[in-house]
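Below is one structure, written out as structure tokens, with a few remarks after it.
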Amino acid sequence: MALMATDSMKLIALITMLLALFAQQAVAWKTHYLDWEIKNATFTRNCHTVTVATVNGKFPGPTVEINEGDTLVIKVTNKQIYPVTMHWHGIRQFQTNYADGPAHITQCPIQTGGSYIYEFTVNAQSGTFFYHAHIDWLRATVHGALIVHPRKKLPPTYGKIEREIPIIIGEWFGIAANEYEKSFLNTFLPNEAATTVTPTLNGFPGPKYNCSKGAQVFKVEKKKTYLLRIINAALNNDYWFSVANHQLTVVGADGNYLKPFTITYLPLLPGQTTDVLVHTNQKPGKYYFGVNVGPVPLVGLPPPRIPALAMFEYEEARSSASPVTPRFPNNVTLRPLDQYVKKLRAYGESTMTLPRKVHKDLVYTIGTAWVDCIASEPCVQKIMGQIQNITFQDPQHTSILQAYASGANGVYKTNFPDHPPSLKLNLTAPDPHYRNGTRDTRVKMLNFGDTVRIVFQNVFAAGILDHPVHLHGHDFYVVGRGYGIFDPAKDPKSYNLRNPPAYNTFGVPNGGWVAIQFFANNPGVWLLHCHFERHKSWGMEMVFITKNGRGKSQRLLGPKHPLPKCT
């Protein structure tokens, strides 16, 4: 009888384990059906009432939470006047290239009254991501958090988390963002609306701004740990993030784990996401947290250097307690940023040892240049963005992916240069090699399986800034960074190929260079661009096309749903 009881217990244990496995698989295989309308709604921020494009009338849009392995099926219907597309920032879209979203790169825009269904499965990825419109400047208000929970448990570095709190950094304009964009296309400076640019947290500027209703309040308990999933969805500025009297423990970025380290100020470039832990180990009270502009000089008229703030309020805090305000570095100080970057190391399953020899060893200059205006533009020359001294021209009436898949001729050229015309540069004044750029639609072809290394060299043409470079369809490893002119004989010797951090968006430093490395293991058409929206509008972008490999698992698949018609 004892043996039978033991066997029965073993059988029950086995069945329980199998049921648990099946339950995990059922969760992992869940399909989420969402129905979104991109429609206008009216909001007031910083005393400016503006009608803006939104997702289902919300700013920011609804938070999407799924599990690793889940599938998203999102019907997007355009009910406002501007054409629109949606991009799922940081999601690699393996074999679902048509769902990636950048206008005229992977699809034509959804016109007013039209719809498109984005369908993709999030495999082998988890962490903090976001979605946003990917045409003109609509992402100013058409964006939201996309949280992918891991199939496995979070690493021990995250500890026991009391609660997760998504925080989206945004920017509010005094006029519709697309109207604001127009002033950047033909002139160096924006129009008078620049004076109304206001940073926001989850859509609100907080108590330091006029016409605000006080701070968003997040109740917290003493001696607990809170995971902040911070997303920089802002268009044109870097930001410092800080919590008054509390340290921040960085544990992940762009959906990849980092070796934990503690800081006071967190730099975030547009397009970056970062997971930080806040330990509520201070005296019970009220503590503001938020963002201020930095960490590099701004182009044109800056927004007010007034922080956007929200509040952590301890449960035990007295109602009469005065809130403590965080401090931020000076926005022209680069030292805290450099110290932060030096601490970045991969952790756990995000750790990768990279090969020193690569198939494609590329050097790309990036910056701004003066470009001749075309007949339809009210100018002779204007400032444009450039990579390799080329201002990228989006194709019209088609997309690069549709042209590539159909074999259409004349849409793009395949001779994007591997190296710049010169690396004998002047980084303190306009450089003659890069003062005048050209317009073109060129792509770089890659073979499936290529190991690709790119050094981005910042150049001084019409001015110099950092550039948050974002690569679609891939994570890349940041293997090197420095100031001055990249030295191809000396600098590669210092590359970190053992545990470099993985990102999808990273900054080319002001007056310097950064080296990244990635594997071309995703067949299709992938945009690379500066995530400052003004720079992308100026053409600071290019495209990689990765050819098919062997077998169906290494091939570009067709669209799952009918694409929007090209006009």
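All residue numbers in this chain count up from 1 along the given sequence. Heavy atoms only: backbone and side chains are in, while hydrogens, waters and symmetry mates are out.
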Compare every heavy atom of [Y] with every heavy atom of [X], then report the nearest pair and how far apart it is.
X: A177; Y: A140; result: CB-CB, 3.6 Å
X: S399; Y: C108; result: N-SG, 4.1 Å
X: L258; Y: P501; result: CD2-CB, 3.8 Å
X: D254; Y: D475; result: O-OD1, 4.3 Å
X: P355; Y: T451; result: CG-CG2, 4.1 Å
X: G127; Y: R229; result: C-NH1, 3.6 Å

Donor-acceptor contact present, side-chain [X] to main-chain [Y], <3.5 Å:
X: T546; Y: L446; value: no
X: T63; Y: A145; value: no
X: Q554; Y: R550; value: yes
X: S242; Y: P326; value: no
X: N237; Y: V293; value: no
X: T198; Y: N46; value: no
X: T273; Y: A253; value: no
X: S212; Y: G206; value: yes
X: N499; Y: T351; value: no

Would you call the rings of [X] and [Y] parallel, tilted or perpendicular, where under 30° means parallel and over 60° means perpendicular?
X: W36; Y: W88; result: tilted
X: H134; Y: H87; result: perpendicular
X: F312; Y: F218; result: perpendicular

Short side-chain donor-acceptor distance under 3.5 Å, [Y] and [X]:
X: Y239; Y: E171; result: yes
X: T42; Y: T51; result: yes
X: Q282; Y: H246; result: no
X: H467; Y: H535; result: yes
X: T106; Y: N97; result: no
X: W137; Y: S537; result: yes
X: N256; Y: Y347; result: no
X: H531; Y: T505; result: no

How many angstroms lie between atom [atom1] of [X] and atom [atom2] of [Y], to the nearest 0.5 angstrom?
X: I91; Y: F120; atom1: CD1; atom2: CZ; value: 6.0 Å
X: E68; Y: K152; atom1: CD; atom2: NZ; value: 8.5 Å
X: F392; Y: I387; atom1: CZ; atom2: CD1; value: 9.5 Å
X: K219; Y: M311; atom1: NZ; atom2: CE; value: 9.5 Å
X: Y314; Y: K223; atom1: OH; atom2: NZ; value: 11.0 Å
X: N522; Y: F94; atom1: CG; atom2: CZ; value: 6.0 Å

ask   = Step by step, would you call N496 with R345 a side-chain contact (heavy atoms from CB on, under 4.5 Å)?
value = CA-CA 9 Å; N496 174 18; R345 295 290 184 273; 3.7 Å; yes
request  = Could you go through the side chain to side chain donor-acceptor pair (under 3.5 Å) check for T264 and Q247 one step at a time?
outcome  = CA-CA 5 Å; T264 303; Q247 293 291 97; 2.9 Å; yes
key: Partner of H529 by side chain to side chain donor-acceptor pair (under 3.5 Å), out of H470, E541, K536, H472   =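 Testing each of H470, E541, K536, H472 against H529, the sole residue satisfying side chain to side chain donor-acceptor pair (under 3.5 Å) is H472.
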query = Are R45 and F204 in a cation-pi setup, meaning NZ or CZ lies under 6.0 angstrom from the ring centre and within 45 degrees of the ring axis?
reply =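 Geometry flag: set, cation within 6.0 Å and 45°.
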key: R534 to F532, cation-pi by 6.0 Å centre distance and 45° axis angle   =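 Ring-cation test returns yes.
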task = Determine, stepwise, if the pair N78 / Q80 fulfils side chain to side chain donor-acceptor pair (under 3.5 Å).
result = CA-CA 6 Å; N78 186 10; Q80 45 87 58; 2.7 Å; yes
task = Please assess F506 against Q272 for the test side-chain contact (heavy atoms from CB on, under 4.5 Å), listing each intermediate value before the final yes or no.
result = CA-CA 7 Å; F506 204 82; Q272 288 187 325; 3.9 Å; yes
key: Reference residue Y340; test ring-ring contact (aromatic ring centres under 6.0 Å, His included); the match among F261, Y265, F241   =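 So, applying the ring-ring contact (aromatic ring centres under 6.0 Å, His included) to Y340 and each of F261, Y265, F241, only F261 qualifies.
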key: Atom NZ of K222 with >12 non-hydrogen neighbours under 6.0 angstrom   =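 Yes, NZ of K222 has more than 12 neighbouring heavy atoms, counting only those of other groups under 6.0 Å.
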ask   = Counting only heavy atoms not in R498, do more than 12 fall under 6.0 Å of its CZ?
value =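 No, CZ of R498 has 12 or fewer neighbouring heavy atoms, counting only those of other groups under 6.0 Å.
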task = Please step through side-chain contact (heavy atoms from CB on, under 4.5 Å) for the pair I147 and V64, ending with a clear verdict.
result = CA-CA 6 Å; I147 310 301; V64 178; over 6 Å; no
query = Are side-chain heavy atoms of C566 and H104 found at a separation under 4.5 Å?
reply =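 They are not in contact (no side-chain heavy atoms under 4.5 Å apart), so the answer is no.
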query = ring-ring contact (aromatic ring centres under 6.0 Å, His included) between F129 and H89: does it pass, once the steps are laid out?
reply = CA-CA 6 Å; F129 306 95; H89 188 104; 8.7 Å; no
message = Applying the salt bridge (charged side-chain N to carboxylate O under 4.0 Å, His left out) criterion to D450, which one of K444, K360, K547 satisfies it?
response =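 Between D450 and the candidates, salt bridge (charged side-chain N to carboxylate O under 4.0 Å, His left out) is satisfied uniquely by K360.
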message = The test is ring-ring contact (aromatic ring centres under 6.0 Å, His included); show your working for F518 and F544 and say whether it passes.
response = CA-CA 12 Å; F518 69 94; F544 290 106; 5.8 Å; yes
request  = For a side chain to side chain contact (heavy atoms under 4.5 Å, CB included) with M86, tell me which candidate from D100, L138, I110, V142 qualifies.
outcome  =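 Testing M86 for a side chain to side chain contact (heavy atoms under 4.5 Å, CB included) against D100, L138, I110, V142 leaves exactly one candidate, V142.
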Derivation of the ring-ring contact (aromatic ring centres under 6.0 Å, His included) call for Y118 and Y116 = CA-CA 6 Å; Y118 295 87; Y116 179 54; 4.7 Å; yes
query = Would T31 and D70 count as a side-chain contact (heavy atoms from CB on, under 4.5 Å) if you check the C-alpha gap in whole Å, the side-chain angles of each, and the deciding distance to 0.1 Å?
reply = CA-CA 6 Å; T31 298; D70 283 4; over 6 Å; no
Verdict with reasoning, Y412 to Y404, per ring-ring contact (aromatic ring centres under 6.0 Å, His included) = CA-CA 9 Å; Y412 58 85; Y404 171 64; 7.1 Å; no
message = Working note: D35 + K75, criterion salt bridge (charged side-chain N to carboxylate O under 4.0 Å, His left out); need CA distance, chi angles, decisive distance, verdict.
response = CA-CA 5 Å; D35 195 348; K75 181 181 180 181; 5.4 Å; no
